[in-house]
Amino acid sequence: MRKQLPNPYIPMLTEVVSITSENKVNDIKTIELKFKKEEDYKNFAYIPGQFAEISLIGKGECPIGIASSPTEEGTIKFTIKKMGTVTSGFHNCEVGDTVGIRGPCGNGWPMEDMKGKNIVVIGGGFAFSTLRSLVLYVLDEKYRKDYKDITVIYGNRDSGEVLYQDVLEEWDKRDDINVVLTIDREEEGWTRKVGFVAAIVKEVAPSPENAVAIICGPPIMIRTAVAELVELGWKDEQILNSLEMRMKCGIGKCGRCNIGNKFVCVDGPVFSLAELKKMPNEY
Ligand SMILES: Cc1cc2nc3c(=O)[nH]c(=O)nc-3n(C[C@H](O)[C@H](O)[C@H](O)COP(=O)(O)OP(=O)(O)OC[C@H]3O[C@@H](n4cnc5c(N)ncnc54)[C@H](O)[C@@H]3O)c2cc1C
Ligand code: FES
């Protein structure tokens, strides 16, 4: 008998198993979800860089990048900044609450194409979630041999905004990853770099040789960091970015997220700079 595919419009049900506040001002939280049905968890096979449409009854639904790595088995994680109706709903969640989830959606980071390459991850602010997923994935013992040198440059306004302190500490202990943390201004007790991300990219000067750069963050950070990479000889094809457009269906049906003939929810959200340059400047 033919296998019945899950209906992409019907959310699968999960339960909140933990909630972690990620920053000092407490407007960014990571929620950890466990699927109520084992079968749904198996169907939710994802790669780093994909997102999901997550929902709360009575509040609505919104697209959120998957912060966990497929290598962290059993649950999935989302890091959510409080913005409006739906995201505030998630901030008021408690352990045991029910959350709907549709997905995984989008293309994700090109994990296959990146095999055998040096990876330079450049992140700014709270847009580090799918980068967390990617770095945990490539560091996992099952996949580490598939990728070469890993450099992470991660910047924030101040030390209170640095996400995922627990995993950053673990990465610091390893000698097969170079983690460069920076904040915008000097701060008492801060022993890492000080300066904007673009300036740190210039200082670290990652080589474009057999490498790919993955960039997520505020538009100004992306523009300035990309300019430094181009100065260092990086080509548009080597620079990847994830777009955050307004979305509804997440599955290429409603036309809410189009840029030219591309559906960001299906063809993206990950695009190379070379691809973005061919698209109308509507993002
Ligand atoms: C592919 C993708 C991945 C995303 N990943 C994350 C993530 O990992 N963590 C996270 O916190 N958010 C993420 N977002 C943004 C998130 O979807 C929006 O913040 C959310 O939809 C806002 O819903 P709301 O009901 O709380 O806000 P609303 O009540 O709809 O709006 C409140 C405010 O948020 C702004 N806003 C609404 N939607 C967006 C949007 N898509 N982008 C920017 N601003 C918006 C509005 O202009 C308004 O000022 C992602 C979006 C996309 C498309
Ligand atoms: S969100 Fe509906 S087509 Fe992309």
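Order of appearance sets the numbers: ligands from 1, and atoms from 1 within every ligand.
- Here the straight-line distance linking atom CD of Glu53 with atom SG of Cys62 works out to 7.5 Å at 0.5 Å rounding.
- Of the protein's non-hydrogen atoms, Ile64 CD1, 3.7 Å is the one closest to atom 13 (C) of ligand 1.
- Closest approach of Ala225 to Val197, counting heavy atoms only: CB-CG1, 4.5 Å.
- Ligand-side atoms of ligand 2 in range of Met247: 1 (S), range being under 4.0 angstrom from any heavy atom.
- In Met247, the part holding a heavy atom less than 4.0 Å from any atom of ligand 1 is the side chain.
- Residue contact check: Cys265 has heavy atoms under 4.0 Å from atoms 1 (S), 3 (S), 4 (Fe) of ligand 2.
- Between Tyr41 and Phe35, the ring-plane angle classifies as tilted under the 30° and 60° cut-offs.
- For atom 3 (C) of ligand 1, the closest non-hydrogen atom on the protein side is Gly65 N, 3.7 Å.
- When non-hydrogen atoms are compared, ligand 1 lies under 4.0 Å from neither the backbone nor the side chain of Lys82.
- In terms of protein heavy-atom proximity, atom 29 (O) of ligand 1 is nearest to Thr85 N, 3.2 Å.
- Under 4.0 Å is where a charged nitrogen must lie from a carboxylate oxygen, and between Lys142 and Asp140 no such pair does.
- The two residues Leu134 and Met114 come nearest to each other via the heavy atoms CD1-CE, 3.6 Å.
- Side-chain contact of Lys59 with Ser88: a donor-acceptor pair under 3.5 Å is absent, judged by distance alone.
- Residue-environment remark: CD (Glu237) exceeds the threshold of 12 foreign heavy atoms within 6.0 Å.
- Under a 4.0 Å heavy-atom criterion, Ser129 is in contact with ligand 1.
- One distance of note links CD1 of Ile153 with CD of Glu203; it measures 9.0 Å at 0.5 Å rounding.
- With a 6.0 Å radius and a threshold of 12 heavy atoms from other residues, nucleotides or ligands, Ile57 has its CD1 atom at or below the threshold.
- Counting only heavy atoms of the protein, atom 39 (C) of ligand 1 lies nearest to Arg246 NE, 3.2 Å.
- Atoms of ligand 2 lying under 4.0 Å from at least one heavy atom of Cys254, given by number and element, are 1 (S), 2 (Fe), 3 (S).
- Checking only distances, Phe51 never comes within under 3.5 Å of ligand 1, N or O to N or O.
- Heavy-atom proximity to Phe126, at under 4.0 Å, picks out these atoms of ligand 1: 9 (N), 10 (C), 11 (O).
- Protein heavy atoms all stay at least 4.0 Å away from atom 48 (C) of ligand 1.
- Summarising the contacts of atom 4 (Fe) of ligand 2 with Cys249, Pro269, Cys257, the nearest heavy atom is found in Cys257.
- Partner of Tyr154 under the side chain to side chain contact (heavy atoms under 4.5 Å, CB included) criterion, chosen from Ile122, Val162, Leu131, Val121: Val162.
- Near Ile80, meaning under 4.0 Å from one of its heavy atoms, ligand 1 places the atoms 11 (O).
- Using a 4.5 Å cut-off on side-chain heavy atoms (C-beta onward), Trp109 and Val212 make no contact.
- With a 4.0 Å heavy-atom cut-off, ligand 1 is reached by the backbone of Thr79 but not by any atom from C-beta on.
- Between Glu275 and Lys262 there is no salt bridge, since no side-chain nitrogen of the basic residue lies less than 4.0 Å from a carboxylate oxygen of the acidic one.
- Close contacts of ligand 2 with Gly252, meaning ligand atoms under 4.0 Å from a residue heavy atom, involve 3 (S).
- Less than 4.0 angstrom separates some heavy atom of Gly255 from each of these atoms of ligand 2: 2 (Fe), 3 (S).
- Thr79 and Tyr164 share a donor-acceptor pair across their side chains, judged by distance under 3.5 Å alone.
- Each of the following atoms of ligand 2 lies closer than 4.0 Å to a heavy atom of Lys248: 1 (S).
- Atom NZ of Lys37 has 12 or fewer heavy atoms from other residues, nucleotides or ligands within 6.0 Å.
- For atom 37 (C) of ligand 1, the nearest protein heavy atom lies under 4.0 Å away.
- Per-atom contact check: atom 18 (C) of ligand 1 does not touch the protein, criterion being a heavy-atom distance below 4.0 Å.
- Looking only at protein heavy atoms, the nearest one to atom 11 (O) of ligand 1 is Lys81 N, 2.7 Å.
- Summary of contacts: the protein heavy atom closest to atom 25 (O) of ligand 1 is Val86 N, 2.9 Å.
- Under the 4.5 Å side-chain criterion, counting only non-hydrogen atoms from C-beta, Met111 is in contact with Pro48.
- Nearest protein neighbour of atom 21 (O) of ligand 1, counting heavy atoms only, is Cys62 CB, 3.3 Å.
- The closest protein non-hydrogen atom to atom 50 (C) of ligand 1 is Pro63 O, 3.2 Å.
- With Gln50, Met245, Lys29, Met83 as candidates, the residue nearest to atom 33 (C) of ligand 1 on a non-hydrogen basis is Met83.
- Under a 4.0 angstrom heavy-atom cut-off, Phe78 registers as lying outside contact with ligand 1.
- The contact set between ligand 2 and Lys253, taken as ligand atoms under 4.0 Å from a residue heavy atom, comprises 3 (S).
- Closest of all the heavy-atom pairs between Gly125 and Leu163 is O-CD1, 4.5 Å.
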